[in-house]
Amino acid sequence: MGKIVVYNTVVLGGLLHDVDKFLHLDSVELIKSFVHELDKICNVELLETLVIGELQDRENVYCHLLNRADVYSSSEESESQEKFYDHEARPLDSVFNRVEIGKGKNKEIYQYSAQKYSPENGFPVLLKKQKKENIDILLRNFRDEFQQIAQNISDFATFYNQLYSLLLKYTWCIPSNSQSEIADISLFDHAKTTSAIVACLYQYHEASNSFSIQEISNDKTNKFLILVGDISGIQSYIFSGSHIGAGAVAKRLRARSFYLNMLSELASQKIRKSFNLPISNILMASGGKFYILLPNTLYVKNKLEEIKKNISIYLLEEFQGELALNLAVEELSGLEFGNFGKVIRRVGQKLALKKKMPFFEVITNKGYWQEDLFLFEIDDEDKLSLCQGCGKEFAQESIDGRKYGVKCLKDLEVGQILPKTKYLEFTSQEKCHIPFLKDNGVNLKTEIPPAPNTNLTFVLNGTEIIAKQNLVAKYLANYVPTDEKRQAISFDYLVEKSKGIKRLAYLKADVDNLGSIFAFGFMDDENGKVTRYDTISRVTTFSRMLDLFFSGRVNQIISRDFQDCYIVYSGGDDLLIIGPWDKIIDLSIVINKEFQKFVGFNPNLTLSAGISIVKTKTPVSKAVDEAEELLELSKDKVLKGKKSGRNQVTVFNRTMSWDDFALVINEAKKLTQWVEKKYLTRMDLWKLKKYDRLFQDFYQHNNVEGLKYQGLLAYDLGRKKKENKISSEILQWHESLLELNNPVLINLGCIIDYTLCACRGGEENEQ
């Protein structure tokens with residue numbers, strides 16, 4: 001049999017080798033049902049042997065190859081078995097349960113219900129036992145869809161990707177090892193990483209001509225490479241030109257953010273395909289960053305250098321150095337898959353150095369700068385002067401009275417199509433919506449043509465699998481407010497949706513301590529013995545589920561309940577969202593509450609956020625910088641009575657815990673109603689603002705002079721009672737401010753700022 005057929009069979013065996021744990025039947029029978037169809041793309045006899053796992057046959061090196069990959073994928077210290085579980089009823093434990101960085105653990109174990117893969121089904125619950133009817137539904141649907149794709153096999157890559165998608169859809173919630181004390185690795189993630197590892201093992205041993213049991217069993221040799229890719233210059237690129245008078249800012253922002261996401265995807269797919277690796281080898285990809293598992297061969301290393309150079313030249317010419325794709329590589333052995341977090345840290349350190357020297361391999365030669373590469377020839381051929389969108393290239397066309405260059409014209413085109421896009425087709429066509437290098441790109445599609453298509457295509461925010469279509473699920477936070485023609489609406493229109501004062505808010509948030517979580521979050525230290533759980537399967541599961549929240553769930557929340565808010569980006573572990581100031585505040589509270597539910601209320605997994613409130617004419621870059629500064633303040637500021645920062649939000653120049661923030665907004669909305677009903681006046685609010693300044697002088701600086709706010713407040717209340725100008729409810733609320741430990745008093749300034757904004761109108765709304 002040909003080498004490529006054997007290779008394809010071994011890689012496919014990696015995906016199928018444990019599927020019988022889900023099907024509860026002999027998986028070979030499933031293969032035998034489609035022998036004729038599978039024979040087009042692999043050696044069915046070998047596939048059956050691999051899936052059965054006949055390791056007694058010591059002559060079958062491919063079984064040993066798959067066995068090593070299986071061991072590496074799930075490699076961790078064995079746990080003592082105190083009891084056995086019903087494997088059919090055992091739910092998958094949440095991968096977030098085990099994360100611990102010194103903030104304690106939950107006593108309860110949260111688990112996933114047996115349902116199709118989706119953001120709304122990604123919330124763990126206190127389950128204990130899986131419902132048989134749910135498992136039966138998944139099994140029936142899996143078999144039906146497997147039959148559809150197996151009966152319509154056209155090529156290996158399409159079938160592999162369809163099977164990959166099928167396993168994600170139905171086995172993401174099935175434990176790969178139902179007998180573990182904590183069963184938090186899904187059958188999908190185990191199958192994915194096993195297939196990725198065995199692909200690398202095959203290529204390594206073929207390149208070194210070492211297909212022997214002894215060599216395959218060698219766990220200490222560095223047979224693998226982990227490649228990390230990360231885009232730098234993101235902030236500058238997305239927000240360049242987003243200034244006063246730029247025009248169509250909303251469309252261009254979304255297009256540029258989307259382009260960066262696609263640039264990362266295009267680069268990772270280019271690298272994967274260059275080495276004939278399956279999609280499983282892209283271990284993690286989100287937020288403009290990706291990790292790919294590669295075989296450690298001389299060919300791969302040399303080819304990587306060529307690819308890196310070609311990409312750097314392309315980006316240098318296309319973006320004049322504004323965007324760079326930084327790539328770093330680290331070797332690892334089979335033993336290190338059980339301590340994968342450490343490997344991620346090592347390659348991350350190399351990446352940090354690479355990011356300090358972008359384009360180094362292109363702009364230097366034998367230690368000298370190639371100065372001619374620092375100059376770019378551009379010409380104002382059409383005599384339209386500079387682009388009014390970015391100010392960085394000469395304009396080529398006028399639209400609605402504004403002059404735009406090539407890149408901004410492309411941004412406008414993509415920005416118009418994006419709200420209607422349902423599929424992303426990776427193509428080798430020279431002309432496409434998002435080109436990359438000379439033979440790669442992405443086309444944005446609103447529907448799938450009926451004709452068979454072997455081009456890899458992402459299904460956005462869904463898991464549909466169609467016969468003869470090379471579809472893979474991809475969750476993407478792509479919601480933007482649109483008009484009746486489904487065109488992105490302007491920020492000027494959005495701001496009119498705000499309550500009271502007409503202002504926009506920029507919400508920037510991310511996960512706290514993520515580096516520490518990857519480094520130390522998956523380990524136990526009991527009686528001086530450290531046990532690590534950061535296996536490759538668990539780390540990739542953690543990353544995938546985190547991205548499901550930011551790319552999937554955040555998109556659902558906004559498209560359903562906050563339709564006036566605009567996602568610039570949300571994925572990986574962070575987000576940036578723009579909208580009416582009051583709706584952004586409400587949204588931030590909802591996102592935090594949803595995140596806590598999503599991670600099973602683990603105190604070690606928290607969000608911090610910064611919210612900047614600005615006029616619509618404020619340059620986007622300035623507003624984003626302000627939100628970033630507020631986010632950093634939320635992480636760094638240690639509130640009174642606490643030992644550290646984080647798990648906080650900063651807005652109206654006040655940093656608060658999320659619990660206090662929710663209380664503050666409830667109180668502010670109550671005061672707003674009182675003002676609207678004429679129970680309170682703006683003068684009353686300004687007095688409260690004065691009391692807050694006095695109290696903060698005492699609270700923050702121990703200045704007892706600040707306590708005179710109590711006398712002033714008591715006098716004011718006494719006068720109002722005497723004149724019968726205050727209701728009992730409002731009187732009681734004011735009197736509570738005399739209690740020094742009242743969280744309403746501690747955050748009174750923020751409450752009043754919100755109320756003043758919500759109650760402003762008329763001339764005070766000028767932008």
Q: Compare every heavy atom of Ile466 with every heavy atom of Gln162, then report the nearest pair and how far apart it is.
A: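 Shortest heavy-atom separation between Gln162 and Ile466 comes out as NE2-O, 3.2 Å.
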Q: Under a 3.5 Å distance rule, please check whether Ser73 uses its side chain to pair with a backbone N or O of Ala69 as donor and acceptor.
A: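 Checking the backbone N and O of Ala69 against the side chain of Ser73, no donor-acceptor pair under 3.5 Å is found.
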Q: Please check: side-chain N/O of Arg272 versus main-chain N/O of Leu277, any donor-acceptor pairing under 3.5 Å?
A: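 Pair found, side chain donor or acceptor close to backbone of Leu277.
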Q: Centres of the Phe188 and Tyr117 rings: under 6.0 Å?
A: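 No, they do not, as the ring centres are separated by 6.0 Å or more.
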Q: Looking at Arg68 and Asp219, is there a salt bridge between them, counting it only when a charged N and a carboxylate O are closer than 4.0 Å?
A: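 Yes, this pair counts.
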Q: Heavy-atom distance under 4.5 Å between the side chains of Thr49 and Tyr62, does that happen here?
A: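 No; the side chains remain at least 4.5 Å from each other.
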Q: If I compare all heavy atoms of Gly122 with all of Tyr112, which pair ends up nearest, and what's the gap?
A: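 Smallest interatomic distance, heavy atoms only, reads O-CE2, 3.2 Å.
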Q: Apply side-chain hydrogen bond (donor to acceptor under 3.5 Å, both in side chains) to Arg254 and list each qualifying residue two or more places apart in sequence or on a separate chain.
A: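 Per chain and number, Arg254 pairs via side-chain hydrogen bond (donor to acceptor under 3.5 Å, both in side chains) with no residue.
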Q: Sub-3.5 Å donor-acceptor pair from the side chain of Lys422 to the main-chain atoms of Asn461, do we have one?
A: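 Judged by distance alone, no pair lies under 3.5 Å.
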Q: State whether the side chain of His190 and the backbone N or O of Ser176 hold a donor-acceptor pair below 3.5 Å, judged by distance alone.
A: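 Pair absent, no side-chain N/O of His190 close to backbone of Ser176.
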Q: Less than 4.0 angstrom from a charged side-chain N to a carboxylate O is my criterion; do Lys103 and Asp512 meet it?
A: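 Not counted as a salt bridge, because no side-chain N and carboxylate O are separated by less than 4.0 Å.
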Q: Verify, without hydrogens or angle tests, whether Ser165 (side chain) and Asn161 (backbone) share a donor-acceptor contact under 3.5 angstrom.
A: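 A pair under 3.5 Å: yes.
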Q: Check Phe549, Tyr533, Phe522, Phe340 against Phe542 for a ring-ring contact (aromatic ring centres under 6.0 Å, His included) and give me the one that passes.
A: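 The residue from Phe549, Tyr533, Phe522, Phe340 that satisfies ring-ring contact (aromatic ring centres under 6.0 Å, His included) with Phe542 turns out to be Phe522.
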Q: Please determine, by modelled atom types, if Tyr479 and Gln563 share a side-chain donor-acceptor pair under 3.5 angstrom.
A: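 No, because no side-chain N or O of Tyr479 sits under 3.5 Å from a partner of the opposite role on Gln563.
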Q: For Glu108, is there any backbone N or O sitting under 3.5 Å from a side-chain donor or acceptor partner on Asn106?
A: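 No: the side chain of Asn106 does not pair with the backbone of Glu108.
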Q: Would you indicate whether the side-chain heavy atoms of Leu471 and Ile448 approach each other to under 4.5 Å?
A: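 They are in contact (side-chain heavy atoms under 4.5 Å apart), so the answer is yes.
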Q: Measure from NZ or CZ of Lys597 to the centre of the six-membered ring of Phe123 and say whether it is under 6.0 Å with the direction within 45° of the ring axis.
A: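 So Lys597 does make the cation-pi contact.
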Q: Provide the closest heavy-atom pair for Gln130 versus Leu127 in the form atom of the first, atom of the second, distance.
A: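 It is OE1-CD2, 3.4 Å.
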Q: For Tyr7 and Gln203: C-alpha separation, side-chain torsions, deciding distance, then whether side-chain contact (heavy atoms from CB on, under 4.5 Å) applies.
A: CA-CA 8 Å; Tyr7 173 68; Gln203 291 195 23; 3.0 Å; yes
Q: Could you walk me through whether Phe224 and Tyr204 pass the ring-ring contact (aromatic ring centres under 6.0 Å, His included) test, one step at a time?
A: CA-CA 8 Å; Phe224 307 91; Tyr204 174 85; 7.6 Å; no
Q: At their closest point, which heavy atom of Leu167 faces which heavy atom of Leu15, and how far apart are they?
A: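 In terms of heavy atoms, the two residues are closest at CD1-O, 3.7 Å.
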Q: Which atoms form the tightest heavy-atom contact between Thr540 and Met284, and what is the distance?
A: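 Distance-wise, the nearest heavy atoms are CG2-CG, 4.0 Å.
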Q: Output the distance between atom CG (Asn647) and atom CG (Leu605), rounded to the nearest 0.5 Å.
A: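 Nearest 0.5 Å value for the CG-CG distance: 10.5 Å.
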Q: Regarding Tyr160 and Ser195, is there a side-chain donor-to-acceptor distance under 3.5 Å anywhere?
A: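 Yes, because at least one side-chain N or O of Tyr160 sits under 3.5 Å from a partner of the opposite role on Ser195.
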Q: Nearest 0.5 Å, please: how far is CG in Asn470 from CD1 in Ile279?
A: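 Ile279 atom CD1 to Asn470 atom CG measures 8.0 Å (nearest 0.5 Å).
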Q: Exactly one of Arg532, Lys105, Arg98 should register a side-chain hydrogen bond (donor to acceptor under 3.5 Å, both in side chains) with Asp524. Which one does?
A: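 Going through Arg532, Lys105, Arg98 one by one, the side-chain hydrogen bond (donor to acceptor under 3.5 Å, both in side chains) with Asp524 is satisfied by Lys105 alone.
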Q: Within the 4.5 Å heavy-atom criterion, are Tyr291 and Val347 side-chain neighbours or not?
A: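 Result yes, sub-4.5 Å side-chain heavy-atom pair found.
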Q: Consider side-chain contact (heavy atoms from CB on, under 4.5 Å). Of Met545, Lys192, Arg544, which one does Ser186 pass it with?
A: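 Single side-chain contact (heavy atoms from CB on, under 4.5 Å) partner of Ser186 among Met545, Lys192, Arg544: Arg544.
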Q: Should Tyr72 and Thr193 be marked as a side-chain contact (heavy atoms from CB on, under 4.5 Å) after you check the CA-CA gap, both sets of side-chain angles, and the distance that decides it?
A: CA-CA 9 Å; Tyr72 296 157; Thr193 51; over 6 Å; no
Q: Just checking, is any N or O donor in the side chain of Tyr423 or Glu464 under 3.5 Å from an acceptor N or O on the other one?
A: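 Yes.
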Q: Flag the pair Ile517 / Ile101 as yes when at least one side-chain heavy-atom distance between them is below 4.5 Å, and no otherwise.
A: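 Yes, side chains in contact.
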Q: What are the two closest non-hydrogen atoms of Tyr110 and Asn97, and how far apart are they?
A: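 In terms of heavy atoms, the two residues are closest at O-ND2, 2.9 Å.
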Q: Between Ser94 and Phe96, is there a donor-acceptor pair closer than 3.5 Å when you use the side chain of the first and the backbone of the second?
A: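 Flag set: sc Ser94 to bb Phe96 pair under 3.5 Å.
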Q: Would you call Asp184-Arg538 a salt bridge at under 4.0 Å N-O?
A: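 So Asp184 pairs with Arg538 through a salt bridge.
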Q: Between Gln596 and Trp658, is a side-chain contact (heavy atoms from CB on, under 4.5 Å) present by the stated rule, with each step listed?
A: CA-CA 11 Å; Gln596 291 307 309; Trp658 284 104; over 6 Å; no
Q: From the options Thr171, Ile174, Asp70, select the one residue that forms a side-chain contact (heavy atoms from CB on, under 4.5 Å) with Asp18.
A: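 The option that passes is Asp70.
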Q: Would you say Asn602's side chain and Val99's backbone share a donor-acceptor pair under 3.5 angstrom?
A: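 Checking the backbone N and O of Val99 against the side chain of Asn602, a donor-acceptor pair under 3.5 Å is found.
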Q: Examine distances only and state if a side-chain atom of Asn443 and a backbone atom of Glu425 form a donor-acceptor pair shorter than 3.5 Å.
A: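 No, the answer is negative, given that no donor and acceptor are paired below the 3.5 Å cut-off.
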Q: Is there a donor-acceptor pair under 3.5 Å between the side chain of Thr463 and the backbone N or O of Ala473?
A: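 Not at all, since once roles are kept as given, no pair shorter than 3.5 Å links the two residues.
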Q: Please determine whether side-chain contact (heavy atoms from CB on, under 4.5 Å) holds for the pair Thr9 and Leu50, giving the CA-CA distance in whole Å, both sets of side-chain angles, and the decisive distance to 0.1 Å.
A: CA-CA 9 Å; Thr9 305; Leu50 291 169; 4.2 Å; yes
